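Data block below; observations after.
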There are 2 protein chains.
Amino acid sequence: MNSEFTIAVHSLVFLAYRPDRMATSEMIALNVNTHPSRVRKIMSCLRKQGFVRTKEGIGGGFIFNRSPDQVTLAEIYRATSIGSIKPAWCSGNEDEDCMVACNMAEVMDQVFSEAEQQLIAYFERITVADVLRRVQTAQQFKN
Amino acid sequence: MNSEFTIAVHSLVFLAYRPDRMATSEMIALNVNTHPSRVRKIMSCLRKQGFVRTKEGIGGGFIFNRSPDQVTLAEIYRATSIGSIKPAWCSGNEDEDCMVACNMAEVMDQVFSEAEQQLIAYFERITVADVLRRVQTAQQFKN
DNA sequence: TGCAACTGTAACAAATATAATAACAGTAAG
DNA sequence: CTTACTGTTATTATATTTGTTACAGTTGCA
């Protein structure tokens, strides 16, 4: 799977964690450990889906636009990474004179698509607030 | 996800489809549409797990060693691709002075690991024989 | 009005992962 | 002892992912 999902989740958790629910791409990038430009690209996608709003210019940044306990990982997955569990490579060959060769690509497509539904059903049960709580729990075990 | 899973499933379905349940790496590679060497590498892994046995020398090849309706995609996934839904890239930074930065990698690890269990639970319900039947069904819809 | 701190986006470069290919030793049948 | 196979490693080619740079557009404020 695509790491954009990870970055999107991390960014939203970070925003949820901040008292003002706001941060610049530079702050997020430092926290996530990537380049601010990559953060902006992914946040731009989250903005188009209404997860965050942005403020340009001085004192600007990204602002969490919804309640962290209402946003599920399923929504984030759909926004950033839908289709990413299926490998790009496809087996089989339509021109072959064999039922298996001709139809495996289509059948595996179905299988991966159903598998992805299972994954999404699981992500449906986890919110950004849940992830933040898990982070807090993990932290407590260190102390 | 790794396409080795796809190739492994396709290869076993192809073997299950053959009356003698046997084929050479060249035949499988032609059917799957890849290089025989790649097939041998993946089949070699399936042999070590007991899914197939091999016969070297003239007249040799790979032979399905179990009943197609007993082998689930979950077993094949575990044999070839375990851990592959988690992206290699990890977010966060242990050295950062922030709870979120320090613990997100661990938390996302848990999340991906649980997600993979869901995936495997789904694959548990599909056998090689089921996939072959799906191939047959797909074929019928073309005629 | 003009500078400074932001986002938005595209283009490019670097790194990494994946797939194809070649090569050759080992094995078994005839 | 030759031919048709697997087993395995190494190498090359290709695709994908990530990082980086650059710059236009926006906004707040002195």
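All values reported here derive from a predicted model rather than from experimental measurement. Note on naming: letters A, B, ... go to the chains in the order of the sequence lines (proteins, then strands), and numbering restarts at 1 for each one.
Atom CD in B:Glu56 sits roughly 15 Å away from atom C1' in D:dT3 (whole-Å rounding). Distance NZ (B:Lys55) to P (C:dG30): 8 Å, rounded to an integer number of Å. Atom CZ in B:Arg38 sits roughly 17 Å away from atom C1' in D:dG7 (whole-Å rounding). A straight line from CE of A:Met22 to P of C:dC6 spans 9 Å, rounded to a whole angstrom. With rounding to whole Å, B:Phe62 atom CZ is found 13 Å from D:dA4 atom C1'. For A:Met1 and D:dT18, the CE to C1' distance is 18 Å, given to the nearest whole Å. For the pair A:His35 NE2 and D:dT17 C1', the interatomic distance rounds to 15 Å; values are reported in whole Å. Rounded to whole Å, atom C1' of D:dG19 lies 16 Å from atom CG of A:Leu30.
Regarding contacts with the backbone of C:dA22, every side-chain N or O of B:Ser37 stays at 4.0 angstrom or more from both OP1 and OP2. OP1 or OP2 of D:dG19 lies within a sub-4.0 Å distance of a side-chain N or O belonging to B:Trp89. Neither OP1 nor OP2 of D:dT6 sits under 4.0 Å from any side-chain N or O of B:Ser44. Phosphate proximity of D:dA4 to B:Thr24: absent, as no side-chain N or O sits under 4.0 Å from OP1 or OP2. Phosphate proximity of D:dT17 to A:Ser3: absent, as no side-chain N or O sits under 4.0 Å from OP1 or OP2. A close approach under 4.0 Å does not occur between any side-chain nitrogen or oxygen of B:Lys48 and OP1 or OP2 of D:dT6.
For residues 43-67 of chain B, the salt bridge (Lys or Arg N to Asp or Glu O under 4.0 Å) pairs, not counting sequence neighbours, are B:Arg66-B:Glu75.
Taking the side chain of B:Ser25 as heavy atoms from C-beta on, and the options D:dT8, D:dT6, C:dA29, the nearest nucleotide is D:dT6.
Taking all atoms of both residues into account, the shortest heavy-atom contact from B:Arg21 to B:Ala16 is NE-O, 4.1 Å.
Side-chain atoms of A:Asp109 never come within 3.5 Å of backbone atoms of A:Glu106 as a donor-acceptor pair (strictly under, hydrogens ignored).
Just one residue in the list A:Arg38, A:Met43, A:Arg40 forms a side chain to side chain contact (heavy atoms under 4.5 Å, CB included) with A:Ser25, and that residue is A:Arg40.
Nearest-nucleotide assignment on DNA chain D puts the 5′-proximal partner with A:Lys41, out of A:Lys41 and A:Gly57.
If you check every strand for non-hydrogen atoms under 4.0 Å, B:Arg47 touches sugar and phosphate atoms only.
B:Phe5 has its ring centre less than 6.0 Å from the ring centre of B:Phe123.
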